[in-house]
Visitor: 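Please find one structure pasted underneath; my questions will follow.
No hydrogens, no waters, no symmetry mates; every other heavy atom, side chains included, goes into these values. Residue numbering restarts at 1 for every chain, and letters A, B, ... go by the order of the sequence lines.
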Amino acid sequence: MTRNRPKIVFLDDSEDLRELMPIVLQTMLGVDCMCFASVMEMENQADEVLRAKVAILDINLGPNVPDGIDAFHWLKKHGFQGKIFFLTGHARTHPQLALAQTNGVEIFEKPLHPDKLISFVSRALNETT
Amino acid sequence: MTMNDSASANNRPFQDYDQPSRFYNTRLSPRDAWFGATVAAWFHGLGMLLELAIIRNIPGVSATPAVISATVALMLLVVLYSRRKTPSVQLASIIYLINSASVVTVLILTNVQFATLEGNWVPFQAAKLGCLIAAMVAPEFWVGLLSILAYCLGSVLQFEFFFPAEVKAQVSAAEPWATLAFGLAGVLSLVYRFRRIQLEQEVARIQAQSFAIQRLASAFLNIRDLMNTPLQVIELSTGLLRNRNQPPKPLLDRIERSVESLREINGVLVEHEKEIGWQAKTQSKNSPLAGDSTPAGVKPDGSGS
């Protein structure tokens, strides 16, 4: 099987979610997804990441490590042209999310229904192609 | 015991908690009370040494009361030092009262001698100083008040009823009002000090209460933090199952209803998150409730959101 270039970047520290998300996106949307547990892992594959069309970022990635907000700034700094989503449990309360929202970022609160997730990602892929 | 009795017994701690006591019932910590009694004993001991130095220059004034009193101060200091590891407010108060009684006795015994033999004697200086020191270091309000009254009224009554008329005539016309003024200043300072201590204790109590609430809210936040990702995993898993050729629909519907219930709990907890503000995932993932156990059903790697 030939793998397409991944169109979606998924950043989350949950191993279960990192295993599930590519299956969901491939099964329901037919797109490939690359998953990262930390911002550093993302940075190590900068070329691939920056070519993606959609980035889905968690915020809390563990104690004393760069979080999803840092990932967002890194993507913006390096000219990421795709659509950025935050998928977080702190959608309503994180102090910096309001700032990110003004930059066209969409924020969704966990748990997000798979149909909604697919709908948002599909719309974002259409917008960026 | 009736049900009402039981209810009132259960409510009592909260009533006590809600109604702050009066300032005069405010209790210092045993350490603070002990420290106050120790400072008073040092004042007493060193004061008596100074008294002896003064007496050496004034022939005719007996040194015996000051020597005995200095010995009492030394003994009290020994007790205070030896029991310093197990301080108590009650013992500190007893020691303080013995200390004050000893000083007042010496002053009463030597006042007339000083007034007679010292030409430039300023009346009741030591008693006036005692009034102010008692206000500053007394281990309990009532102990302080009693000491101030002893210093003040002891001198005033002695002046009014036991000073020879010719000596009284030599003493400043301001007496006994000046001594009474010091007594009043001592009482007011004592009231002010215990009122301030009461307020400090009240603030500390409120802070402790607030801290406990904050911890509880943090626990709620951590519960929510740990719930979000497993819920998302369930949502995605059920989504995938529904996409299969023959999805177990009744089973999936049941799972979805359960997820919906958990989502409602999540909604309740998010209100607490708003109240305490967002906080980074700083605690160990294995101790979400600031404890040391991992909740059932959450994997040790149970990532947050």
Visitor: Are there more than 12 heavy atoms of other residues, nucleotides or ligands under 6.0 Å from atom CH2 of B/W42?
Guide: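 No, the 6.0 Å shell around CH2 holds no more than 12 heavy atoms from other groups.
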Visitor: Could you look at B/S237 and say if it's the side chain, the backbone, both or neither that has a heavy atom under 4.5 Å from chain A?
Guide: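 For B/S237, the contact with chain A is made by backbone and side chain together.
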Visitor: Working to the nearest 0.5 angstrom, can you tell me the gap between B/Q232 CD and A/L87 CG?
Guide: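 With rounding to 0.5 Å, CD (B/Q232) is 5.0 Å from CG (A/L87).
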Visitor: If you define the side chain from C-beta out and look only at heavy atoms, does anything of B/T229 sit under 4.5 Å from A/D16?
Guide: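 When only atoms from C-beta onward are counted, A/D16 and B/T229 do not touch, as no gap falls below 4.5 Å.
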Visitor: Decide if atom CZ of B/R84 counts as having more than 12 heavy atoms of other residues, nucleotides or ligands within a radius under 6.0 Å.
Guide: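 Enclosed.
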Visitor: Count the heavy atoms belonging to other residues, nucleotides or ligands that lie under 6.0 Å from CZ of B/F43, then report whether that count exceeds 12.
Guide: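 For B/F43, atom CZ is not crowded (no more than 12 foreign heavy atoms under 6.0 Å).
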Visitor: When rounded to the nearest 0.5 angstrom, what distance separates CD in B/E235 from CG in A/L17?
Guide: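 CG of A/L17 is found 11.0 Å from CD of B/E235.
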Visitor: Rounded to the nearest 0.5 Å, what separation is found between the CZ atom of B/R263 and the NE2 atom of A/H113?
Guide: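 Spacing of CZ (B/R263) from NE2 (A/H113) equals 7.5 Å.
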Visitor: Could you report the tightest heavy-atom contact between A/L20 and B/L240, atom names first, then the distance?
Guide: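 The answer is CD2-CD1, 3.5 Å.
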Visitor: Considering residues, nucleotides and ligands other than A/R123, do more than 12 of their heavy atoms fall under 6.0 Å from its CZ?
Guide: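 Yes, enclosed.
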Visitor: More than 12 foreign heavy atoms under 6.0 Å from CD of A/Q81: is that the case here?
Guide: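 No.
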Visitor: Please look at A/I23 and chain B and tell me whether the side chain, the backbone, both or neither of the residue comes under 4.5 angstrom of a heavy atom of that chain.
Guide: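 Both backbone and side chain.
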Visitor: Would one find more than 12 heavy atoms of other residues, nucleotides or ligands at under 6.0 Å from atom CD of A/E43?
Guide: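 Yes, the 6.0 Å shell around CD holds more than 12 heavy atoms from other groups.
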Visitor: Working to the nearest 0.5 angstrom, can you tell me the gap between A/M21 CE and B/L236 CG?
Guide: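 Reported to 0.5 Å precision, the distance equals 5.0 Å.
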Visitor: Indicate the atoms forming the closest heavy-atom contact of B/G239 with A/P114, along with that distance.
Guide: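 Answer, listing the atom of B/G239 first, then A/P114: CA-CG, 3.8 Å.
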Visitor: Going by side-chain hydrogen bond (donor to acceptor under 3.5 Å, both in side chains), name the pairs with one or both residues in residues 32-41 of chain B, residues two or more places apart or in two chains.
Guide: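 Pairs touching residues 32-41 of chain B that pass the test: B/S29-B/D32.
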